[in-house]
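The residues of the chain are indexed from 1 along the displayed sequence. Quick note: numbers below take in every heavy atom, side chains included, and nothing from hydrogens, waters or symmetry partners.
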Amino acid sequence: DKYIRSESLDKIDDDELFKEIAFNEENELVRLKAISRLDDEDALNKIATESSDSSSRLEAVKKIENEDMLSEIAKSDDDKFVRIEAIKGINDEKILADISQHDEDSFVRSEAIKYINSLEDLAYVATSDSDLIVAKNALNKIISKSENEDIRDTLGKIATIGRDEEIRNLSIREIDDDETLMKIIDESKHISSRQSASLKIKSEDLLTELAKRDNDEKIRLSSISKIKSEELLEDISLNGEFADSRTEAIARIRNQGLLAELAQNDNDAKVREAAVKKITSQSVLKEIAVNDSTDYVRKMAEMRYNSLKK
């Protein structure tokens with residue numbers, strides 16, 4: 001009976017017998033039990049590297065402690081479960097990093113990640129792995145280190161150059177300091193990452209700079225929506241490089257002197273029109289309605305004048 005034979009091996013202490021059974025027994029249950037009881041290192045290495053039976057190789061690997069042998073198995077065995085078992089006994093992070101980056105199986109790569117502590121190696125996987133789950137595993141390992149290590153630069157790098165949008169956004173979600181967020185906005189080629197980072201900026205001065213100069217309309221307008229300082233809004237209305245952000249800022253300012261200056265003298269008709277909508281001086285509106293060079297600005301001034309006159 002295979003069960004009786006297997007259980008009987010627990011009561012025996014005979015490595016030669018275990019070796020004989022491990023190499024020659026046809027019944028898997030008995031063979032695996034013998035391997036689990038075997039202490040002969042050479043025999044275990046031979047089984048782990050030469051046996052055609054993956055279950056026998058797996059059982060042998062569980063008992064091997066030599067890292068060079070485990071590294072060889074982790075890199076070369078055909079069975080992913082054998083490779084995974086070998087990884088558990090490896091401490092050399094260069095070997096683990098190599099496996100995490102190059103093994104063909106995502107489960108094997110994820111197993112290697114569990115034992116890697118280098119932020120650089122983890123970031124490489126998080127930014128480059130084609131399998132989203134593997135990339136997330138690497139990112140989560142990085143995040144788990146936040147209590148003991150400064151991971152801001154690492155997260156910023158992932159958010160900037162990561163190949164997967166979800167990974168980039170998950171990284172941004174973990175970043176709270178404006179300096180790192182601005183670096184993402186300045187350096188990333190991914191518009192979605194730049195936009196996500198801009199939504200987390202807290203400094204109104206930085207938001208003002210984004211509103212005035214950023215090339216993306218969504219970033220400019222969302223930045224303006226978070227600014228409360230009228231002085232900064234006035235700065236945008238005067239010095240912004242894009243008409244949309246200037247007109248958005250104008251809609252939120254009350255300085256009648258500045259509004260009149262913009263409405264009468266700005267070179268951009270859209271800016272003049274936006275300012276006209278906020279002016280309360282009938283005399284200024286009347287002058288614009290007569291003298292502005294653009295038809296729709298004159299009409300807006302006339303409508304505003306007539307509305308106030310009532």
Thr180-Asp177 side chain donor-acceptor pair, cut-off 3.5 Å | yes
Run the numbers on Asp235 and Lys212 for salt bridge (Lys or Arg N to Asp or Glu O under 4.0 Å), then give the verdict.
-> CA-CA 9 Å; Asp235 180 23; Lys212 286 162 64 176; 3.1 Å; yes
For residues Arg246 and Ser237, is any side-chain donor paired with an opposing acceptor at under 3.5 Å?
-> no
Is there a side chain to side chain donor-acceptor pair (under 3.5 Å) between Thr127 and Arg163 once you walk through the steps?
-> CA-CA 6 Å; Thr127 56; Arg163 65 182 291 169; over 6 Å; no
Pairs where residues 105-122 contributes a residue and the test salt bridge (Lys or Arg N to Asp or Glu O under 4.0 Å) is met, not counting sequence neighbours | Lys80-Asp105, Arg109-Asp129, Glu111-Lys114
Contacts of Asp10 that satisfy salt bridge (Lys or Arg N to Asp or Glu O under 4.0 Å) - sequence neighbours left out = Lys33
Between the side chains of Asp178 and Ser203, does any donor sit under 3.5 Å from an acceptor?
-> no
Check whether any side-chain heavy atom of Asp68 lies under 4.5 Å from a side-chain heavy atom of Glu72, and answer yes or no.
-> no
For Asn117 and Lys145, which heavy atoms make the closest approach, and how far apart are they?
-> OD1-NZ, 3.1 Å
Distance from Ile185 atom CD1 to Ile191 atom CD1, nearest 0.5 Å?
-> 10.0 Å
Is a salt bridge present between Arg220 and Glu217, judged by a nitrogen-to-oxygen distance below 4.0 Å?
-> no
Rounded to the nearest 0.5 Å, the CD1 atom of Ile167 sits from the CG atom of Leu132 at a distance of 5.0 Å
